[in-house]
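Data first, discussion second: the structure below is written as structure tokens.
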There are 2 protein chains.
Amino acid sequence: MSSRPAKSTQPLELADAHAKGLHSIGEAAKLTGLTAKMIRHYESLGLVTPTDRTQANYRVYQTRDIYLLRFIKSARDLGFSMKQIAILASLWQDSARSSAEVKKLALEHIQEMDERIHSLQQMRKALSDLAGRCHGDERPDCPILDAIACNSCHNTD
Amino acid sequence: MSSRPAKSTQPLELADAHAKGLHSIGEAAKLTGLTAKMIRHYESLGLVTPTDRTQANYRVYQTRDIYLLRFIKSARDLGFSMKQIAILASLWQDSARSSAEVKKLALEHIQEMDERIHSLQQMRKALSDLAGRCHGDERPDCPILDAIACNSCHNTD
DNA sequence: GTTAAGGTTTACCACTGTGGTAAGGTCAAG
DNA sequence: CTTGACCTTACCACAGTGGTAAACCTTAAC
């Protein structure tokens with residue numbers, strides 16, 4: 001009955017895909033909490049390639065792909081960059097990895113976050129000190145603007 | 001002798017500009033700690049327009065412009081966005097401003113920074129907890145990858 | 001006067017990660 | 001067969017910065 005071409009290039013219809021437990025991009029989006037837009041973007045970065053395409057060129061995802069997309073989402077939620085996620089994903093799929101490699105990446109990312117936190121906290125402190133000295137009423141004089149302009153550093157010509 | 005066209009469109013040479021205490025973009029960059037690139041970018045955003053141009057179309061900055069550029073740099077150093085800086089600069093130059101307007105902007109920015117700090121700290125804590133549980137040796141099993149992949153959530157097919 | 005070095009001009013492209021839009025093809029239900 | 005929801009690709013946008021290139025200007029040395 002099925003004179004299928006033996007290769008994986010059999011014409012695949014969407015209904016077939018559903019029957020086989022495969023997913024369209026919209027379903028993948030719902031299953032992962034990502035948007036279709038983001039999934040296509042991650043594909044363009046080489047992170048997730050759909051298992052197949054239907055006759056109509058629709059992307060078709062396997063359960064395995066869904067897990068990978070969830071992995072990416074979780075890593076994004078931890079603040080990893082796409083580059084770091086690419087490495088993490090390859091480590092994840094490499095059964096010969098060493099946990100030291102993963103931990104190294106994690107510690108580097110923690111340090112990056114520490115630096116950003118520190119920088120933000122410094123800015124926050126400087127600005128909130130200034131805001132604390134600003135009366136914040138209808139009058140124009142304002143320590144915040146004074147500090148930004150460094151009014152004491154020059155003549156206001 | 002000088003039959004200059006009376007308008008401000010007298011041909012201006014770079015040497016003239018220097019004699020008048022005016023500055024080229026490179027000098028402005030050195031005086032402010034910005035790059036020429038950034039100064040042109042700020043101009044494209046409508047923040048700083050050079051006072052004049054030389055005959056050769058070189059940008060010419062007045063001392064007043066230098067102060068404005070320093071203002072922008074300081075505000076950037078406090079983490080304000082370009083849009084916020086545009087408002088801050090207009091408030092700075094508006095002698096009828098109320099300090100309440102400035103303070104409101106500052107407090108909003110502080111809140112934005114607080115949110116970013118909080119988000120970073122949450123990610124940092126989650127990841128450092130995971131890293132603390134990762135032995136980080138040559139073995140492949142790794143709580144960090146487990147958590148990202150949520151291995152307990154599905155069968156590893 | 002010529003030349004070389006370095007400053008300046010505009011106009012591009014890159015990054016990061018996401019959102020939007022548009023013009024078109026496809027699928028399922030009525 | 002129409003309608004609406006979905007999918008496709010290909011653009012533009014954000015915020016700031018860095019980079020490049022080709023062409024022009026200025027200055028100083030020779």
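Given the structure is predicted, the values throughout are model-derived calculations rather than measurements. Here is how names work: the chains are called A, B, and so on, in the same order as the sequence lines, proteins then strands, and each is numbered from 1.
- Within the helix from C/dG1-D/dC30 to C/dG30-D/dC1, the inter-axis angle between the opening and closing five-pair segments is 30°, rounded to 10°.
- For A/R59 and D/dT8, the shortest distance from a side-chain N or O to OP1 or OP2 is below 4.0 Å.
- Applying the ring-ring contact (aromatic ring centres under 6.0 Å, His included) test to every pair with at least one member in residues 100-132 of chain B, sequence neighbours left out, gives these pairs: B/F80-B/H109.
- Distances from the side chain of B/A56 to the nucleotides D/dC25, C/dT26, D/dT8 place D/dC25 closest.
- For the contact set between residues 117-125 of chain A and DNA chain D, defined by any heavy atom under 4.0 Å, there are no members.
- Ranking C/dG7, D/dA10, D/dT9 by closeness to the A/K37 side chain, first place goes to D/dA10.
- Taking the side chain as every heavy atom from C-beta outward, B/I144 and B/L127 approach each other to under 4.5 Å.
- Computed from coordinates, the B/I25 CD1 to C/dT10 P distance equals 8 Å when rounded to whole Å.
- Of the candidates B/Y61, B/W92, B/Y42, B/L68 forms a side chain to side chain contact (heavy atoms under 4.5 Å, CB included) with just one, namely B/W92.
- One cannot find a donor-acceptor pair under 3.5 Å joining the base of D/dG16 and the side-chain atoms of B/Y42.
- Taking atom CE of residue A/M38 and atom P of nucleotide C/dT16, one finds them 15 Å apart after rounding to whole Å.
- Side-chain contact between B/L45 and B/K83 is absent, with no heavy atoms from C-beta onward closer than 4.5 Å.
- Here the P atom of nucleotide C/dG24 and the OH atom of A/Y58 are 16 Å apart, to the nearest Å.
- For the pair A/R97/B/L145, a side-chain contact is recorded, criterion being any heavy-atom separation below 4.5 Å from C-beta on.
- Looking only at distances, a side-chain donor or acceptor of B/D65 sits under 3.5 Å from a matching main-chain atom of B/Q62.
- Here the P atom of nucleotide D/dA15 and the CG atom of B/L45 are 8 Å apart, to the nearest Å.
- Comment: B/K125 engages B/D129 in a salt bridge, judged by a side-chain N to carboxylate O separation of less than 4.0 angstrom.
- For the pair B/T35 and D/dG18, the criterion of a side-chain N or O lying under 4.0 Å from OP1 or OP2 is met.
- Between D/dC25 and B/R53, no contact under 4.0 Å exists linking OP1 or OP2 to a side-chain N or O.
- The environment of A/Q93 atom CD is dense: over 12 non-hydrogen atoms of other residues, nucleotides or ligands sit within 6.0 angstrom.
- Rounded to a whole Å, the CE atom of B/M82 is 7 Å from the P atom of D/dT17.
- Here D/dC6 presents its C1' atom at 17 Å from NE2 of A/H23, a figure rounded to the nearest Å.
- Between B/S24 and C/dT8 there is a side-chain N or O to OP1 or OP2 distance below 4.0 Å.
- In terms of phosphate contacts, A/R40 brings no side-chain nitrogen or oxygen within less than 4.0 Å of OP1 or OP2 of C/dG19.
- Between the C1' atom of C/dT16 and the CZ atom of A/R116 lies a distance of 11 Å, rounded to the nearest Å.
- Here A/K83 reaches the OP1 or OP2 of C/dT16: one of its side-chain N or O atoms lies under 4.0 Å away.
- Remark: A/E43 engages A/R53 in a salt bridge, criterion side-chain N to carboxylate O under 4.0 Å.
- At a threshold of 4.0 angstrom between heavy atoms, the contacts of B/K30 with the nucleic acid are absent.
- Comparing C/dT18, C/dG25, D/dG16 by their closest approach to the side chain of A/R76 singles out C/dT18.
- Of the charged side-chain nitrogens involved, at least one lies within less than 4.0 Å of a carboxylate oxygen, so that A/K104 and A/E108 count as a salt-bridged pair.
- Straight-line distance from the CG atom of A/D52 to the P atom of D/dC7: 16 Å, rounded to whole Å.
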